[in-house]
Amino acid sequence: MTTNYKKDLINILEMLANIERDLNLANYNETEKKIYYTIAMSISNNGSCNITDVILESRFSRSTVYKTIKKFEKANLIIVEQSRNDKREFNLVLAP
Amino acid sequence: MHKFDLPHFIKVSITVYVFYMFLYGTWYFLHIQDFANLRLDNEWTGSLVFLPHGARVLMVCFFRYYSLPALYLADITGPSIMNHEQYNVNYVEGSNIAAIGCIAAVILSVELIKWSRVSEGKFSFFKPVNFKNYKFLFLVVVLSSLLSGVICNSIISIINDQVSIDVLTVLRFMVGDFLGAITVIALMWIVFTTAIDTRLILSPEK
C-alpha cells in the first residue's frame, strides 16, 4: 500500500518530470543520445549520413535505430530525405 | 471529516525541517560566510536569492498543513542555530512573528489558487490541490513572494517603533523570495534530470 508520504513525494517527482517534459531538454535515454551523436558525427565527417551508416557506426539493432530516428523526426530534430542518387536510400539531415 | 495521520505528520515534519535547514545552511554559508568567495560588498545582496522560500512553497504545496509546525520551527531555529552570535545582536525584534507572516503568505497564495477553481468543486481548506502541474506552483511562488514581502515587513514595522521599512526593503524581500524559490525548483529539476539520465531513479512517467 502506498502511504500518503510516498504519494506526496511521488507528486514532487511528477511535477519535476512535467517541467522536464515541457522544457524537453534531455528527454532522451542514453541509446537515443548515442544515435543522435552518431548521426551528427557522421554528417560532420562524411558530409552525409544514411540509416545504414548509423547502424554500422552505433552497432545498435536496425529496429532500435529506426525507432529512434522516427522519434527524432517526430520531434523535428532530424529530417529524413530521399537520396537523389539512389531512390531506395534515405539521408539523415540535422534540422536547423 | 479529515483524519489526522500521525505517522505521516512525523515523516513530513522531519522532511520539512531537514530540507529547510539544508537550504538555509547552504544560503547562509554561501552568503554570510562567503564560502563561494563571492565577495559581496553589500551584506544584503545575498537576500536577493533567499533559497529557504523555496522550501516554504514546496513543502506547503506538497505536504499541505502537515508541514506548518516544522516549517515554523525551522524558520525560527535556522537563524539562531546557524548564526547564533549575530542572531542575538543584529536580529530585529519580531523576526519570529514575521516568520509566521512569511508562511501565512504561502498559505494565502495556495488558498487563492484553490479559490480560483484550480481544484474543482466546493472550496475547502483541507482539499488538496494537484501541484503536479508546475504552472500552479509557479503562480504560488509569484503570489507568495509578493505577499511575503508586504506581510513580513508590515509585522516587523508594527512591532518595532524604531524600525522604519522603506519600499526598497519590501522590494528586496519580494525579489529575494521569488528568485530563491525559482532557484530551488530549478536546482531540483537539474538533480532530477541527472538522476534519471544516470538511471539512479526511474522516471515516474515509466
Side-chain angles (χ1 to χ4, degrees), chain A residues 1-44 54-55 57-61 63-78 92 94-95, chain B residues 2-16 19 54-55 57-67 70 126 128-141 181-182 184-206:
Chain A
M1 197 186 107
T2 313
T3 61
N4 285 335
Y5 181 71
K6 272 187 190 166
K7 273 185 205 163
D8 290 340
L9 288 182
I10 290 167
N11 279 342
I12 296 177
L13 290 180
E14 283 183 345
M15 180 272 293
L16 295 170
N18 284 336
I19 297 179
E20 173 62 34
R21 195 194 60 213
D22 281 11
L23 292 178
N24 200 23
L25 292 182
N27 200 19
Y28 299 99
N29 62 35
E30 291 298 307
T31 306
E32 290 163 344
K33 281 177 192 167
K34 192 174 176 189
I35 289 173
Y36 186 83
Y37 293 139
T38 306
I39 297 167
M41 285 292 285
S42 187
I43 291 172
S44 171
V54 183
I55 294 164
E57 282 283 324
S58 66
R59 296 183 182 183
F60 286 118
S61 69
S63 69
T64 305
V65 172
Y66 265 107
K67 211 165 64 182
T68 308
I69 286 170
K70 281 281 169 204
K71 189 175 175 180
F72 288 152
E73 201 183 4
K74 205 175 166 185
N76 292 324
L77 281 174
I78 60 168
L92 305 172
L94 297 182
Chain B
H2 190 80
K3 198 181 160 196
F4 184 76
D5 185 350
L6 185 64
H8 179 59
F9 173 72
I10 294 168
K11 283 181 207 166
V12 167
S13 296
I14 294 169
T15 309
V16 170
F19 187 59
V57 172
L58 283 168
M59 298 298 104
V60 172
C61 286
F62 287 98
F63 295 120
R64 298 174 293 283
Y65 294 110
Y66 285 105
S67 66
F126 296 104
V129 187
N130 190 346
F131 282 102
K132 281 186 225 172
N133 185 343
Y134 65 91
K135 286 161 193 167
F136 297 144
L137 191 71
F138 185 75
L139 271 176
V140 174
V141 169
I182 294 295
V184 170
I185 295 167
L187 287 175
M188 281 178 71
W189 168 64
I190 291 167
V191 170
F192 171 79
T193 312
T194 311
I196 293 280
D197 262 5
T198 51
R199 294 174 194 176
L200 285 173
I201 56 167
L202 283 172
S203 170
E205 288 176 332
K206 284 177 186 168

Please walk me through it: do Phe62(B) and Ile10(A) pass side chain to side chain contact (heavy atoms under 4.5 Å, CB included)?
CA-CA 10 Å; Phe62(B) 287 98; Ile10(A) 290 167; over 6 Å; no

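- At a 4.5 Å heavy-atom cutoff, the contact between Ile185(B) and chain A is made by backbone and side-chain atoms alike.
- Taking 4.5 Å as the limit, some side-chain heavy atom of Ile12(A) sits within range of a side-chain heavy atom of Met188(B).
- By the ring-ring contact (aromatic ring centres under 6.0 Å, His included) test, Tyr36(A) pairs with Phe72(A), sequence neighbours left out.
- Classification of the His8(B)-Tyr5(A) ring pair by plane angle, with boundaries at 30° and 60°, yields perpendicular.
- In this structure, CG on Asp8(A) lies 12.0 Å from CZ on Phe131(B), to the nearest 0.5 angstrom.
- Taking each heavy atom of Phe63(B) and Leu9(A) in turn, the nearest pair found is CZ-CD2, 3.8 Å.
- The closest side-chain heavy-atom distance from Leu16(A) to Val191(B) is not below 4.5 Å.
- Here the straight-line distance linking atom CG of Asn11(A) with atom SG of Cys61(B) works out to 11.5 Å at 0.5 Å rounding.
- Taking CE of Met15(A) as the reference point, atom CG of Asn133(B) lies at 10.5 Å (rounded to 0.5 Å).
- The OH atom of Tyr134(B) lies 7.5 Å from the CG atom of Asn18(A); values are rounded to the nearest 0.5 Å.
- The structure places NZ of Lys11(B) at 9.0 Å from CG of Asn4(A), a figure rounded to the nearest 0.5 Å.
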